[in-house]
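Letters A, B, ... mirror the listed sequences (proteins, then strands); counts begin at 1. Any value given below was found using the heavy atoms of this structure, including those in side chains, with hydrogens, waters and symmetry copies removed.
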There are 2 protein chains.
Amino acid sequence: MNTLTLPPFAARVGLAVDIAAFAMHRSKLMILLVRRGIEPHQQSWALPGGFVHDGEQLAEAALRELREETSVSLSPNHLEQFYTFGHPGRDPRGRIVSVAHLAVLPHGTPAVYGGGSVTAAAWFEAHEPPPLAFDHADILAHALRRLQVRLEYAGLALEFLPDTFTLPELQEVYEAILARPLDKRNFRKRILAQGLLEAAGERRNGVGRPAQLYRRAKRLRSPRV
Amino acid sequence: MNTLTLPPFAARVGLAVDIAAFAMHRSKLMILLVRRGIEPHQQSWALPGGFVHDGEQLAEAALRELREETSVSLSPNHLEQFYTFGHPGRDPRGRIVSVAHLAVLPHGTPAVYGGGSVTAAAWFEAHEPPPLAFDHADILAHALRRLQVRLEYAGLALEFLPDTFTLPELQEVYEAILARPLDKRNFRKRILAQGLLEAAGERRNGVGRPAQLYRRAKRLRSPRV
DNA sequence: GCAAAAGTGTTCCTAGTACACCCATGC
DNA sequence: GCATGGGTGTACTAGGAACACTTTTGC
């Protein structure tokens, strides 16, 4: 499987995946980070990630690393590759190319330290991350932009929420990702006009008027190309 | 430089770039292809591309391969990475990951056979390519979609044209990429409303009314609020 | 009755779309 | 004068943005 017969001038590189995994927590957009237990950048915070194994798909590797390093047991609701970082000097160990992935984890996903070569895993505010190892600050910035673009087009916001949710909750997701407030009336009008949601009872939160619950409507929307 | 000390389970892969290079020719969107001179897929048409060298940037490698395989002497007016293809079985020689790039070449760029491991280079209609080697048909399809998206947002259409051009020429670029006709009046209104163009004399084409020439305006448009 | 959270409509403006004729030139 | 290609305006529609008060509940 690893019998690679290439021309001598061809670079043979280490292939890695890094994952920018987002979730909502207390009305904030959070990013999942791990603390590196080995050099280089030992003790630094970094995006979860690691080397692709022989014969492994890129997306498979991203899922595996996410589970190994953070003990995230739930599957991401969304996972996509978004950019490949291949600058020759980005890793002191040699030429390592990283295929960066964007993941959306369900609401309430805990960050448990899992194992591998990391000593901790934790959620941070995505718009205000700590200093990061390698070029991970750059990767995170790209991931945020992609997330904002996806939000407008696809119904990616739903992936941050449980099966049923209220419109104020959905609006919080939008506001957290776009980092700006939205008008409540316009938001509701726009979302409901899309016809992707259906009613699913109501919920009492204690004080205040009960909220209408919604879920993703059964019928599929036409896929984006 | 190539002292890569990685864990044993880490895949060490061949790193390649492939380039989907587009240009306009006779009102059609064309894609630049090369004929492979070596196995695998000898004699098949394929996207230009090849292995990244040690210490080379991804974009550098894309430019180099484009020049080596097609003798395209002009620099692309636009070059961006758009997706990474890493399926384990995509190349029979072993695990080869390809970072695919989208390039826009200036109007009138000839396709000259350059050398390296290809026996020919030629332009084909981008929407009707011949059978392609590896997963290059897939890569081309992705590239076309990306090109269509970029067209709407950025002023990427200008990169297909010489410094000065007429609005009917610009409209041809849009129509060729989107593969559908556009209304002339609405097109002109929309384009001129963006304020990106300035007048640059006129041109007589022989018969017919002379056309107003435009060029990209010097000053940037004010950002939308 | 008051604090807390959910819910609701109208007006304005912009951008997109549909659609048909006149203008300047070469021959 | 006619063939060729370039240029122009208006009416309609849909979607986005601005904007303030009422309703339902717990306590």
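The CD atom of Q194(A) sits 13 Å away from the C1' atom of dG16(D) (whole-angstrom rounding). Rounded to an integer number of Å, the gap from CZ of F187(B) to P of dT8(D) is 14 Å. dC19(D) atom C1' lies 11 Å from atom NZ of K189(A), rounded to whole Å. The separation between L182(B) atom CG and dC19(C) atom P is 15 Å, rounded to whole Å. The nearest whole Å value for the distance from the CD atom in Q212(B) to the P atom in dA24(C) is 14 Å. With rounding to whole Å, L167(A) atom CG is found 6 Å from dG7(C) atom P. Rounded to whole Å, atom P of dG7(C) lies 12 Å from atom CG of L170(A). Following rounding to the nearest Å, Q171(A) (CD) and dA17(D) (P) show an atom-to-atom distance of 13 Å.
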Less than 3.5 Å apart, which donor and acceptor atoms pair up between the side chains of residues 180-189 of chain B and the rest of the protein, not counting sequence neighbours?
{"unit_1": "D183(B)", "atom_1": "OD2", "unit_2": "R185(B)", "atom_2": "N", "d": "3.1"}
{"unit_1": "D183(B)", "atom_1": "OD2", "unit_2": "N186(B)", "atom_2": "N", "d": "2.9"}

Only pairs under 3.5 Å count here: list side-chain donor-acceptor contacts from residues 75-85 of chain B, not counting sequence neighbours, and write none if there are none.
{"unit_1": "S75(B)", "atom_1": "OG", "unit_2": "R67(B)", "atom_2": "NH2", "d": "3.2"}
{"unit_1": "N77(B)", "atom_1": "ND2", "unit_2": "E159(B)", "atom_2": "O", "d": "2.6"}
{"unit_1": "H78(B)", "atom_1": "NE2", "unit_2": "E80(B)", "atom_2": "OE2", "d": "3.0"}
{"unit_1": "E80(B)", "atom_1": "OE1", "unit_2": "R150(B)", "atom_2": "NE", "d": "3.3"}
{"unit_1": "E80(B)", "atom_1": "OE1", "unit_2": "R150(B)", "atom_2": "NH2", "d": "3.0"}
{"unit_1": "E80(B)", "atom_1": "OE2", "unit_2": "R150(B)", "atom_2": "NE", "d": "2.9"}
{"unit_1": "Q81(B)", "atom_1": "OE1", "unit_2": "T84(A)", "atom_2": "N", "d": "2.7"}
{"unit_1": "Q81(B)", "atom_1": "NE2", "unit_2": "T84(A)", "atom_2": "O", "d": "2.9"}
{"unit_1": "T84(B)", "atom_1": "OG1", "unit_2": "T84(A)", "atom_2": "OG1", "d": "2.4"}

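For the pair E65(A) (side chain) and P48(A) (backbone), a donor-acceptor distance under 3.5 Å is absent.
For R204(B), whose side chain is taken as the heavy atoms from C-beta onward, the closest listed nucleotide among dT25(D), dG26(C), dG9(C) is dG26(C). Side-chain proximity of R190(A) to dG16(D), dA6(C), dA18(C): nearest is dG16(D). Comparing dG9(D), dT25(C), dA18(D) by their nearest atom to the side chain of R185(B) picks out dG9(D). The side chain of P168(A) approaches dA6(C) more closely than any other nucleotide in the set dA6(C), dG7(D), dT17(C).
Residue-level contact check: R188(B) touches the bases, meaning some heavy atom is under 4.0 Å from a base atom.
Checked by atom type, the side-chain pair E175(A)/Q171(A) shows a donor-acceptor distance below 3.5 Å.
Residue-to-nucleotide contacts include a donor-acceptor pair under 3.5 Å from the side chain of K184(B) to the base of dG7(D).
Using a 4.5 Å heavy-atom cutoff, the side chains of L147(A) and F22(A) are in contact. Under the 4.5 Å side-chain criterion, counting only non-hydrogen atoms from C-beta, H101(A) is in contact with V17(A).
Nearer the 5' end of DNA chain D, as judged by each residue's closest nucleotide, is the contact made by V207(B), out of V207(B) and D183(A). Sequence order on DNA chain C of the closest nucleotides to E202(B) and N186(A) puts N186(A) first from the 5' end.
Two end axes, each from the C1' atoms of five base pairs, can be drawn for the helix from dG1(C)-dC27(D) to dC27(C)-dG1(D); they diverge by 10°, to 10 degrees.
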(message) Before you tell me yes or no, could you show the steps for R64(B) and E60(B) under salt bridge (Lys or Arg N to Asp or Glu O under 4.0 Å), namely the whole-Å CA-CA distance, both residues' side-chain angles and the distance that decides it to 0.1 Å?
(response) CA-CA 6 Å; R64(B) 178 180 50 71; E60(B) 267 180 69; over 6 Å; no

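OP1 or OP2 of dA4(C) has not a single side-chain nitrogen or oxygen of R209(A) nearer than 4.0 Å.
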